[in-house]
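The sequence lines fix the lettering, A, B, ..., with proteins before strands; numbering per chain opens at 1.
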Amino acid sequence: MELEIDPLDLDMTLGCGQTFRWRRSEDGSWSGPLGKRLVTLKSDGDTLAISARPSGEGVAEAVARHLRADDDIDRIQRTLSKDSVLGQGVRRLRGLRIVKMDEWECLVSFALATYANIPRISRMIDSLATEYGRRIAPGTHEFPDQARLSKASARDLRRLGLGYRADYVKGICDGLDAGGLDRMTRMDLARLREELKTLPGVGDKVADCVSLFGFGRLEAFPIDVWMERALKRLYGQEGTYRRLREFAAERFGPFAGYAQEYMYMNERGLASGQACAFSAQR
DNA sequence: GCCCAGGAGTGTG
DNA sequence: CACACTCATGGG
C-alpha cells in the first residue's frame, strides 16, 4: 500500500535519535515495530510504499500518525526561517519530521537514554522488547506494556545491561498508576513536564523529549549536550536548563520542537551536505 | 587506557 | 537557586 507524505526524508526522520527501533536496510528501506506489526517503509519519489507483517487494517493510518503526516512543514519552515540564525538553512532539513511515538514507549525509552549513546539506547530497548514484549514477527517483539514490564525486577533489568537505569524503569513501572499517561494528554506543557518529572529517571531533558516525541507537544525544546553546544555556538547562549529553555520558547515559539530537531541534526552533522547550514549570530 | 554519550538524583553552599 | 559529585557501561 502507499501513502503520500511530502516532504519526507526517512533517513533523517528515523535515524536521528528521536525514536530507537527503526532499522535501515541496504536498499534504503526502513523497518520497525509499529503497534502490533512489523512495518517496512520505502520512499519512492513523493510516495511512501508501506508493507506490514502481519498484514491488516489501519497500517497506513498508523504510519501517517507516527510520521505526523498532517504537519504543515512548509508553514513551519517559513516561520522558523524568519529566525536570523536558522534562516534558509532549514530548507536542507525539509524532509525531517518530528515523530509521534506511543507515550509509554517514549517515556521508558528516554529514561533509558540518560547518559548513553544512540546505538546503546537501541540495544537496551531491543533487549527489553525481546525479553518482555510479545513476538509480532520473526526476530521482532512488541515494546512491552506496563503490565508486562512490571514483571521485571530491578536485578532482571540490570542483567539486560541497563545499568543504573534499571532502577528508573522499575520505578516508573511502580510509580505510574493506570490512566496516568491518559490524564497527562490533557495537560498544558508546563504541568505535563512537572507531572512527568515526578517519575524516577525523568528530569528536565527527558520530560521535554517525552512531551515532544511522545505527547506531540511541538513547543517542547529538549536540551542535551549537543543542544547546549549549538545554543552557545549559534546564539551565544549558555547557563541553566531553565534559562536556555526560556530563551528557546521566546525565540522559536510554538514550533520550538522543530527548531530543536533542526539544530540537533545540524550540530551533529547528521544531515547530508555541508557540516553547518546555520550562521552564528554575532 | 582515555573520553564521551539525546542526564538524573542527591547533597551542599 | 546554582554548582559538584556520583551513578554503570559500551563504543570510538
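Classification of the A/Tyr258-A/Tyr262 ring pair by plane angle, with boundaries at 30° and 60°, yields tilted. Between A/Phe252 and A/Phe247, the ring-plane angle classifies as perpendicular under the 30° and 60° cut-offs.
Spacing of C1' atoms, B/dA5 relative to C/dA8, comes out at 12 Å, to the nearest Å. Nucleotides C/dC5 and B/dC3 place their P atoms 16 Å apart, quoted to the nearest Å. To the nearest whole angstrom, the two C1' atoms, one in B/dG1 and one in C/dT9, are 15 Å apart.
Judged by distance alone, the side chains of A/Tyr264 and A/Arg268 do bring a donor and an acceptor atom under 3.5 Å apart. Remark: the A/Tyr115 side chain and the A/Asp224 side chain contain no N/O donor-acceptor pair separated by less than 3.5 Å. Between the side chains of A/Asp156 and A/Ser153, at least one donor-acceptor pair of N or O atoms lies under 3.5 Å. For the residue pair A/Asp145 and A/Tyr132, no side-chain donor N or O sits within less than 3.5 Å of a side-chain acceptor on the partner.
A 4.0 Å heavy-atom criterion places the boundary nucleotides of DNA chain B facing chain A at B/dA5 to B/dG9, written 5' to 3'.
Residue contacts for A/Asp167: at a heavy-atom cut-off of 4.0 Å it reaches no nucleic acid atom on any strand shown. Backbone-only contact: A/Leu199 has heavy atoms under 4.0 Å from sugar-phosphate atoms and none from a base. Among the protein residues, A/Phe213 comes within range of the nucleic acid bases, having at least one heavy atom under 4.0 Å from a base atom. Backbone-only contact: A/Gly201 has heavy atoms under 4.0 Å from sugar-phosphate atoms and none from a base.
The stretch residues 245-264 of chain A touches DNA chain B through A/Gln260, A/Glu261, A/Tyr264, each having a heavy atom under 4.0 angstrom from the strand. At a non-hydrogen distance threshold of 4.0 Å, A/Tyr115, A/Asn117, A/Arg120, A/Arg123 from residues 104-127 of chain A come into contact with DNA chain C.
Put simply, A/Arg242 has a side-chain N or O that comes within less than 4.0 Å of OP1 or OP2 on C/dC1.
Counting only heavy atoms from C-beta outward, the side chains of A/Arg23 and A/Ser122 approach each other to under 4.5 Å.
In this structure, A/Glu2 contributes its side chain and A/Thr47 its backbone to no donor-acceptor pair below 3.5 Å. Panel note: side chain A/Lys100, backbone A/Gly214; a donor-acceptor pair is recorded below 3.5 Å.
The interatomic distance linking A/Leu160 (CG) with C/dA8 (P) rounds to 16 Å, in whole Å. For A/Arg158 and C/dC7, the CZ to P distance is 11 Å, given to the nearest whole Å. The interatomic distance linking A/Arg243 (CZ) with C/dC3 (P) rounds to 11 Å, in whole Å.
The ring of A/Phe213 has its center closer than 6.0 angstrom to the ring center of A/Phe110.
The salt bridge (charged side-chain N to carboxylate O under 4.0 Å, His left out) test with A/Asp11 is passed by exactly one of A/Arg97, A/Lys42, A/Arg24: A/Arg24.
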